[in-house]
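Chain letters run A, B, ... following the sequence lines, proteins first, then strands; residues in each count from 1. Note that these values count all heavy atoms, side chains included, but never hydrogens, waters or copies made by symmetry.
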Number of protein chains: 2
Amino acid sequence: MQSYDDLEQAISSRYPELSRRLQQIAHYALEHPNDMAFEKVATIAERAGVQPSTLIRFAKAFAYSGFSEMQQVFRARLMETTPSYAERLRRVRQQQSPEGSPDQILAHFITAGHHALDHLGQEIDPEAMQRACELLASAETIYIVAQRRSFPVAAYFAYALGHLGLHAHLVDGMGGMAEQQAAAMRTDDALIMVSFHPYAEETQQIARVARDRGVPAMAITDSPLSPICQLGDPVFEVHDGEVQSFRSLTATMTLAISLVVALGQRLDLSLGGAGACAQTRETRDRNA
Amino acid sequence: MQSYDDLEQAISSRYPELSRRLQQIAHYALEHPNDMAFEKVATIAERAGVQPSTLIRFAKAFAYSGFSEMQQVFRARLMETTPSYAERLRRVRQQQSPEGSPDQILAHFITAGHHALDHLGQEIDPEAMQRACELLASAETIYIVAQRRSFPVAAYFAYALGHLGLHAHLVDGMGGMAEQQAAAMRTDDALIMVSFHPYAEETQQIARVARDRGVPAMAITDSPLSPICQLGDPVFEVHDGEVQSFRSLTATMTLAISLVVALGQRLDLSLGGAGACAQTRETRDRNA
DNA sequence: GAGCGAGTGAAACAGACGTTCCGTTATCTT
DNA sequence: AAGATAACGGAACGTCTGTTTCACTCGCTC
């Protein structure tokens, strides 16, 4: 029982057979693992509303020699993955521009990526994701438009949606035919727009075409002031790290894959179980 | 001096004026903050090679009432951002397949992204990044090849390298002309290959052409068993999260942007200061 | 309802801990 | 070179901590 995972599981599973006071401690331990790691027995006992001796009984009930030995497990939990992550976040907060050797630059973007992912989780509206899934699930054909720096995201959408067996059409503007490609959109289709500052004109153009033709459109962008904000619904605002105009697409790509997988699950469910599952597996083998 | 950031900065800045033993402790404290948070005075003293009393002198030198008070700062550091992040990582380790509502799926990929970034930092060889930069810096034209799921990475490379003012050529195989496009490669060019399981045949084909023609080639792939491992140098092995065959490109894209920025910095340096800087800024404004 | 056993609370104990103190050593000044 | 000052090592001290012990209570069984 040296890992916290094991201990946590043991506490959970043996909870019912514990005595009342021991349950009280189990409750407190799982809810305040930080206290368990740092505080003295007396402090924890007081906060949990038990006697210090009961804490030792608790530890012994889980085969530790005493409380101190159990406390080591709670401390190890804080040491395992944490320090490097928190450490690096701290660095980036202080030093904004990446400098030095290539691996220092890599370390910088890794940290910036962590940051972006954290924010992504906090800022995305669950209800908007739900709406986006429904929008895409009911579309006959899905058009995707994104230029320049956003283009890799579009390429990813096109590839992944194709894998779900959906009709996905990448409006790449090849041969200057973007608007002609977009002109084929119908009201039972859907459009995915991705655009970041300074917002390529071509993308806005197609967004307006979609609005005029009544084609439902969702958007991924970087600011509520973005011109495509009024042209899409739902709109996802993503804040990726940016350095010297080079935007890391970490958060954006994560949002993209999440949408695709959520959509895939929704389609599986609506088709119902086994058959759909087989279809997914069949699709899977065509990967590159 | 209640935040770890302040303490760290104070230790760094006052380091020169400290006595020899106190410097010894300063060194140890910054390198082993975990020990400082958890271990007893005697343990830390032994590991740092000083007497316990010296540790108290150290703490008092930074205006703490004693060692214990200073230790609280090191402990607080571990509590601040940690639990949620480590907690989520733990969940993902247990539950591999994402299920549930769209935002739960998003949360899953966010955590997987954190994971992938952590590993990226540990696994990438700094020396290989250095070599890759030199390779790309000295190339006349940079060719990029990647198919299907890897294609978004190639698109990103092509866009970003173009922004550095380099000749970047995306071998997209349009119209089945991939090999003809590749045939233009010369020995003073360079090739970037990106390929993940199951390794598109077209990419391997072009990799062989490059080898036969003596064109230096770097590779990003997902396994040492990948067929392009022997065809490239340096080779970067990246382990992105994968769910139901949908590969999150988080780590790969982070590596890509890092390479590009490191390369950009190298070019700036070799061109020398102001002029190159202005060029970068000029390029910046053309972004989309 | 009496006897039994596990569970619990509170105080006592032994050991460890952080801290202080003082003799010694090193470093810089005059 | 000698003194003065700061730094240091190591032992001693008093406190605090984890643990143990034991008396007591509660809940069950016969």
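For B:F74 and B:F38, the distance between ring centers is not under 6.0 angstrom.
B:F58 places its CZ atom 14 Å from the P atom of C:dT19, with the value rounded to the nearest Å. At whole-Å resolution of the value, OH in A:Y64 and C1' in D:dT19 are 18 Å apart.
Phosphate proximity of C:dT19 to B:K60: absent, as no side-chain N or O sits under 4.0 Å from OP1 or OP2.
Annotation: B:H239, atom NE2; neighbour count of heavy atoms from other residues, nucleotides and ligands within 6.0 Å is above 12. More than 12 heavy-atom neighbours from other residues, nucleotides or ligands sit within 6.0 angstrom of CD on A:E134.
By the 6.0 Å and 45° rule, A:R14 stacks over the aromatic ring of A:F62.
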Checklist entry - What string of B, S and - do you get for nucleotides 3-18 of chain C 5' to 3' if you count protein non-hydrogen atoms under 4.0 Å? => result ----SBBB------SS

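If you run side-chain contact (heavy atoms from CB on, under 4.5 Å) between A:M253 and each of A:D240, A:V153, A:V238, only A:V153 comes through.
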